[in-house]
Each structure stands twice: as structure tokens, then as C-alpha cells.
Amino acid sequence: MTEPLLRVRDLKTYFVTEQGSGTARAVDGVSFDVYPGETLGVVGESGCGKTVTSLSILRLIPEPPGHIRPGSFIEFEGRNLLTLAPKELRAVRGNRIAMIFQEPMTSLNPVFTVGHQIAEAAIVHQSLSRRAARARAIEMLTLVGIPDPGERVDHYPHQMSGGMRQRVMIAMALICHPQLLIADEPTTALDVTIQAQILELLDRLQRELGMAVMLITHDLGVVAGSADRVVVMYAGQVVEQASTGELFARPLHPYTEGLLASVPRLDTRVSQVRGRLHSIPGQVPAATSWPAGCRFHPRCPYAWDRCAVEEPPLLDSAGAEAGTHTVRCWLLTEPERRERHP
Amino acid sequence: MTVWTWLALASAVAVALVAAAEVRRRAATRAAGRRFLRHPTATAGVFILAFFVTTALAAPLVAPYDPAGQLDPVHLQNQPPSTRFPLGTDVYSRDVWSRLVYGARLSLGIGTIAMLVAVTVGAGVGAAAGYFRRGIDAVLMRSVDVGLAMPRMFVLLMAVALWERLPLAVLVLLIGLTGWFGTSRLVRADVLSLREREFVAAARAVGAGPTRVIFRHVLPNAAAPIIVSAAFGIGNVILLEAGLSYLGLGVPSPLPSWGSIIYDGQPYIATAPWTSGFPGLAIALVVLALNAVGDGLRDALDPRKEAT
Amino acid sequence: MTPAPLVQVDGLVKRFPGERGLFGLGRARRTVRAVDGVSFAIAAGQTLGLVGESGCGKSTVGRTILRLIEPDAGRVTLGGADVVALGGRELRALRRRMQIVFQDPYGSLNPRMTVQQTLAEPLAIHRLATGLEAKRRVAALLDEVGLDPAFAAAYPHELSGGQRQRVGIARALSVEPQFLVLDEPVSALDVSVQAQVLNLLADLQRKRRLTYLFIAHDLAVVKHIADDVAVMYLGKIVERAPATGLYAGPRHPYTTSLLSAVPVPDPKAQRQRIVLQGEVPSPASPPAGCPFHPRCPHPRKNERCRTEPPALREVATGQFAACHFAEQPM
């Protein structure tokens, strides 16, 4: 098996809350790998820690109030990103690892042309001349499928639509041919037809450039269509991790199961869908006070007394090769309990 | 000065300290309050304001002499500060400390009342212009432009010149009525964005009329800029009144306001600097304190910093 | 036998003055036809799903029906009462019968009012209850939307997104309306909470015999709640049909494309995905002919589409589509 490109181990990112009294354990012991050339989907609802995880990788957490706890470990291309000097870290950011965000309007600087912003990374990292950088910017705009790139390069962000701006963001991210692209909810702010365009674009670029993509999203449909492997997060932890096919065919964590069941779906007949959707009772707990034991147990239909006191580790699924499908749930030790449940 | 007046003064300081401590204690329990306290000078500002407000309210207790009383026009004019006259006496042998204390009543009172007038008018005009837009907005905002283009001091001087023995109440009203333009612009800008918020649409959908929407839903959410501009505004009015009085056109002479005390002491500034110096210091302290509190409030009430 | 419609909308038009250039200079204003002749009817107790992408005018339709925005032309009737013609007191009285729930659970509640104050306000406006009786009614409303009555004392910032949305629903219910405009009521919510709110809306509809106009951009969500669906593009309805017919056999190529663009949470789903090229044109300068023709993937698209705007016509029983080739769908 190939070596992972990115190895995250026991990442803990905490925030001191403004009340000054509590600590929000936004990311609390997260471990996963990203292999070269693959798409890893990171799924979870708001507050599960998926965005904080991605920001922690590039050490973009505002300190204070946030801090990455000692003992956390993020290895990229053989180096621990958490101990890099600021200068070395900058050589990684935007160059080896690039990032795109949900809101393309606020992530672009309104007072510079898009060409200028796209070229900036190339000027910083590859010391290109202004003229060469501009040529590169036009090349990138062509790559991300913007019509009239020679003209568009001099436009300002406000002259573009949301979909166009997201394409510009992608062009900016890819100009230095990163090995890893972190895409944090890249299509959430877009309409479905534009979302389809952007997802297709990301797919094509990944194939052409051979980079790995970490796709962070709340949308299980997006993950199903784009990711090779999926990490499901809940309450600051990874609760399930498997290949996409395996996860959707055999979701083992009750949270994954519930999440899948509560998505309104198009691929069912109208007569079947009218009526009640499955829903997970209650709501996501606050990061300052995760429940004791399994963090999902207050909302879990299967929970029994052990779940309330003892936190489950990531356990290997019985049917799969070790490490390929791991689940943070005690049900894996007592599978008969699942059957007994209606 | 008697023991009693010293005691009264000490109690005023104590009251101010308690007030400042109480503000700190209450502020510390809330996020907005903690942003206020992050301003290093905000607490000092609260203390200074509390001190002057207390002395103004308790003026008869804190002032040892009648502020208008000429104690001994022959022997006691322009006396330097001493234990008997802590801030000296003026050319008419009046006790400067007593005049300063009573002057606080007038100066702070004029500042507060004029600002209340300005804020009420400004908030009303701004809310009407921002909420109804179109014609009303155009008419109101163009008059605001005209108002802002007129030099305020000039308008006031003209009024004073045209109206002999201008009553104090009219002067205060005039100061207020020439000071709302900036506030109305701030409020209008806020109202313009607030009226597009969904909770305003929701209120209209349940049948709330314009008055209810403006007073229950729009203005409470625009309170922050109003409060901040009021804090800065009081300082401005105090300076304005001082300026007018310094020119001899503000508060009529036997009445002590901080501006008129400076006016009285001005010819003797070289030989008896205390008469003008101490009220000048008081003005400076209060205006600085108001600005510090205003800055703190601006940070504290900034909705962008409101945690969700 | 379909019951008589409770809500009837005929030829609704709303224009907005276009934006001018920088500093108000530049080209003259161009009017934006946000809603351009929209008609539909909703039978009592039924749900019409109004679907479209951002900027298609679907939210404007909802707000114009409630007179939160004044329409420029068209007729809207609610149980026979002419909504557009009414003024002042009569309109206020009519507002008791029609209410709205908004998308943004953060923006739709006044941050300076407690839940109790927010919910008691409509009761006070319509003189339905005051004092203790209002308190009791608020507690009952909170209970009905699945919230602990203790939440009455809370401010919006103390609530989660789902809880706020429940408060928004309770506010709409407080005046006991017959008709609710649901303007993207679940789009801002997390998946698990979204399902809870959709279930709540379905329960309330059954219990209170409510009529819904459900505005959404997500066809999958609409599929779960709507009896009929109308699809909007650039201010016009391009297809309108019973949900069963529309999802089984869309007649307009835009509907087909929208359906195929929705991601399905099943990696094995072998779907032919139609990725629409380009973006929605500016409503200030809609294309001539069929507004969808520049992006239309229909293989038979021809000159006629570029010049002649297609009318919305019945192509199958109850199924209306505005496409010259609705008889030969993609």
C-alpha cells in the first residue's frame, strides 16, 4: 500500500470561549490519512469540527482563542506541520497544500482584479515576473473553464457571479500545482446546476493534475458522487471511516445510519416518500460540554448503559480488512443488540 | 471649608468609586461588558463621570460657599488655593471650588438635555427617513445636508445676537436642535439595513403597523450607534457651551457654568490662573472621560462582535 | 375531485428598478422583471412546492402574495378575498389568515426580544390574548412545535438553528392562519434537524388543515412535502404539475436538468447527469424567445426557441410546461 500523503494523528484543537469559563473541544482526537491522488470526503453537521480540522492542518486557527494541543501530529510529505517554523509553513501553504472555502465572495479581495489575486501565489512561491504571472493567471482561468479568460483576468470579484468566483478560487488554489487541495464546503453557497458544474470541474482537475482532495461537506449526496473514502465526524471526533461504497452500503455507526436515513432523496417514488422522514432526535451537543461516554449516546436509538459511561474507541468492522472500515461504537462488540432493536 | 464639606467631598469620591466598581462587576458577567472593560481608560472614564455627576447632584453639600456670594471683594479677590479656598477665589472674591461644583450642574445638565433633544430628533428623523424611504427620505436627508453645511457656532451666535437676553432653556434647545444631523444619518443607515431584515418582514406579516415596527423592532436594534453618538455628543455640547460662555454669550454672568467661570477668570490668567485653569481642567477631564466611555461602548455594542 | 382552491394567483408581476452603475452614473436604469406573469392555485389543505435557483423570483412570489412587497399587476385571492385590493384595516385582518416562515433562523427573530415577546406580539396586535392568557397561549404554541415552554424566557441567541426555526413556525401559527408561505424553511438547517422540521410541518398541516406554499431550491426536499410542484426560471413558471407526474416524467428540459443535478446519496446510482452550461442570465436582460434557450440541453433546440417565447400549456393531464418540445421530453 502506498504511503499516505497526509497523516493526521490525535489532532486536538481547543478554543477558550469568550465566557472565559469553558473550553470548547472543537476537534478532540481526530486521526485520518489522505493518500496521494484520492478524494477523501469529510462529512458532518455544523459544529462537528470538520472545518476546524481543515484549518488546523494549515495552522490557520486564530490563536488565541484557539490552540492546537501538544501531542497532536500532522505529517505531510514526511514533515510535522505543527512544528514547522513560520517560514517553512508559508512554503507549504498555498504551494503544496491549497485551500478553497465556502463563500467565494468573502474569500476574494474586492479591491484587486482576479488576475492579480490568482497570480499572487505564483509570485510569492515561484518568484515569477509580473508578466509571466499574468500569463499563468490566464492559463489557470482557461483551465477552470472561465470563458474569455484574457478579458476576465482584469475583472474585479464583484463583476462575477458566485459560480465564476468559485472557479476563480479554484484557479487561485491550483496555480502552484498543490499535492493536496482542501475544499471546505466548496458548493454549499451555490445553486444545484452550478454545484454540478463545480463538482465536475474538481473531478476533472483532480484527474488531470493528480492531486489529492479533501472534500469537506455536510451533503452526503456530494460525497457519494465524488469521494473515494469517507470520514464521518460527530462532536469533534471521527465516528466512522470507510470507502465510499462500503459506507453507503453498510453504515455501521448509528449516527451515519440516521444521517443517511434523514436525507430527503430523489431516487425514490413519490408514493413512498410522502409521510415522515426519519430524523435523529435532539440536537448536536455544545463543544464545551460533550456528553460523557459515547458522545452520540443521548441521541442514539441503540444506546445502553455502557454507552453512557465508557467512550468507545475506533473499532474495526468485522467483515472488512483491518483499518479499512472503522467505527466508534460499542455495537461492534455486541452486534446482536442491533438485531434486537425494532 | 468645614469638616462637613470635606466629608461630603470624600463621600462623593466614594460614591464614584463604588459606581465604577459596580459597573465593572456587572460588565464582567457579559461578553459585551468585557469588551467595554478591555478599554484601559473606560473604567477611569466611568469613575470621572460618576464623580462629577455626584458632586453636581450633591452641590449644596459639597460646596462650602454660595457660588454667587462675594465673600469679601476687597481682601479676598484672586486668592490662590489654600485650605480655606481649595481652588482659590476669583476676582469677585467668589470661591472657585463652589462655583465649579455648581457649574457642573449647569454644564453637565446642558450637555445632557441638549443631547437628549438632539438624539430624540436625530433618531426620529433617521428612523422615518430610513423606514419610509422615497420622498420622505429625500426631503429629510437634504435638510440634514443643509444642517450639516451650516457652521453650528455661527447659527448659535446669530441666535444670541438677534435675541437679547436669550433664556437658558432656549439656548439649550437651540444647541440640541443644531446637533442631531450626524445622529440622524447614523440611524438612517442602520434602519435602512434593519428594515430589510427578516424579523421586520415577519412583524409586518403578523400585522404590525409602521409605528410598532419602528419602535419595537427597528430602533431597539439601532440603539448602539445612538448611545455611542450620545456619549460623544454630550462632550461636544459641553465644549460648545463653554465656547459660547467664554465669548460671554452663553450662560448669563452670575450663573456659574464652566465656560462662564473661565470667562470670568480670563483677564487675570497671568496673575490668578486658577480661576480659569480649574474649570478648564474639569472640562478636559469630563470630555476625555466621555470619549473613553464612548469608545468603550462602541466596541461593546458593535453587533459584528456579538457572539452568535 | 379536487376541492376548490384556497389560494389563487393570476398573472402576478413584480418589477424592481434596476441598479445603476457606480456612483449612480452610467447607463439608465433597466427594470428587472423579478416575477413575470405567475399563475397558480393551491387547494385547501394541499402543498404547492415552488422550486427554482437563486434569483428566479420564487421568494418574491411568496412575499408579494402576502403583500410584504406590493405587486405591480395580477390578482391574488385567499378564500375569495382579494388580497391585492385590500388596504389598511382589512389587510391587517386578512393577515391573520396567511402567514410566513422564513429561511434564515438567525435573521427572522428580533434579537432583542424574548421568545415570549416574539410570540405574544401577534396575539396583542390582533387582540387575541393578553396577560396570563397570552402566556398560556405561548406555552401551548411552544408545546405544539415541540419546544419546552421554558424556552419562552430565552433570547434567540440562546437557541440553536432548529429551535429558532420552531419559534418562527410558532409565530406564524399564533394567529391561527389557514395559509402558510414557507420560504426555504429548512435550507439553513443541518440534515438531521431538517428532517425534524419537515416532519413537524407535515404534522401541523394534517392537524390544522393548513395550506402550504413551500418555496425551496431543493427538489428532493420538495418531493417529501409537496402535492404539486411549480418550477420557476427567470421570473416565470416553466413547468407545473402534480408531484407524481413531475418527478416521474418532467416535460421541461430545465426541470430535467435540475433533477439530474441534485446529488443522490448513493455511490452506486448510475445516473446520466446533465451538467447545464453557463449560468442564469441577468433578469434585467432576459434572453429573447424562450428564456432558457441559451443553456438548454434539449437536442431539438432550434431557431424557434430563440425567437418565440413558449406559452405554459397543458401537455399531459394536469401537467403544464412552457417548452416548444414538451411533447418530446429529454
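All chains are named by letter (A, B, ...) in the order of the sequence lines, taking the proteins before the strands, and each is independently numbered beginning at 1.
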> Given a strict heavy-atom distance threshold of 4.5 Å, which part of A:Pro281 is in contact with chain C: side chain, backbone, both, or neither?
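Answer is backbone: N, CA, C or O of A:Pro281 sit under 4.5 Å from chain C.
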
> Against chain C, label A:Leu247 side chain, backbone, both or neither, depending on which of its atoms sit under 4.5 Å from a heavy atom there.
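It is neither, since no heavy atom gets under 4.5 Å.
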
> Between C:Gln319 and C:Glu239, does any side-chain donor sit less than 3.5 Å from a side-chain acceptor?
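Yes.
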
> Which is it for A:Val232 and A:His253 under the side-chain contact (heavy atoms from CB on, under 4.5 Å) test, yes or no, and what are the steps along the way?
CA-CA 9 Å; A:Val232 182; A:His253 197 283; over 6 Å; no

> At their closest point, which heavy atom of C:Val101 faces which heavy atom of C:Gln165, and how far apart are they?
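Answer, listing the atom of C:Val101 first, then C:Gln165: CG1-OE1, 3.9 Å.
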
> Who among C:Asp203, C:Leu258, C:Val193 has the most heavy-atom pairs with chain A under 4.5 Å?
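If we count pairs closer than 4.5 Å to chain A, C:Asp203 comes out on top.
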
> Tell me whether the rings of A:Tyr255 and A:Tyr234 are parallel (<30°), tilted (30 to 60°) or perpendicular (>60°).
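If you compare the ring of A:Tyr255 with that of A:Tyr234, the planes turn out tilted.
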
> Between A:Gln195 and chain C, with a heavy-atom cut-off of 4.5 Å, which part of the residue counts as in contact: side chain, backbone, both or neither?
side chain

> Under a 4.5 Å heavy-atom cutoff, which of A:Ile194, A:Leu199, A:Val284, A:Thr188 has the most pairs with chain C?
A:Ile194

> Need one label for C:Leu198: side chain, backbone, both or neither, based on atoms under 4.5 Å from any heavy atom in chain A.
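Just the side chain, heavy atoms under 4.5 Å.
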
> So which residue, C:Gln194, C:His217, C:Arg295, ends up with the most heavy-atom pairs under 4.5 Å with chain A?
C:Arg295

> Heavy-atom distance under 4.5 Å between the side chains of A:Met160 and A:Arg167, does that happen here?
no

> Which region of A:Gln283, side chain (C-beta onward) or backbone (N, CA, C, O), has a non-hydrogen atom less than 4.5 Å from a non-hydrogen atom of chain C, or is it both or neither?
side chain

> Report the option among A:Val263, A:Thr244, A:Ile280, A:Thr193 that has the most heavy-atom pairs separated by less than 4.5 Å from atoms of chain C.
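Highest number of heavy-atom pairs under 4.5 Å: A:Thr193.
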
> State, yes or no, whether a side-chain contact exists between A:Val42 and A:Thr53 at a heavy-atom distance under 4.5 Å.
no

> Using the ring of each side chain (for Trp, its six-membered ring), is C:Tyr254 parallel, tilted or perpendicular to C:His252, with breaks at 30° and 60°?
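Perpendicular: the ring planes of C:Tyr254 and C:His252 meet at over 60°.
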
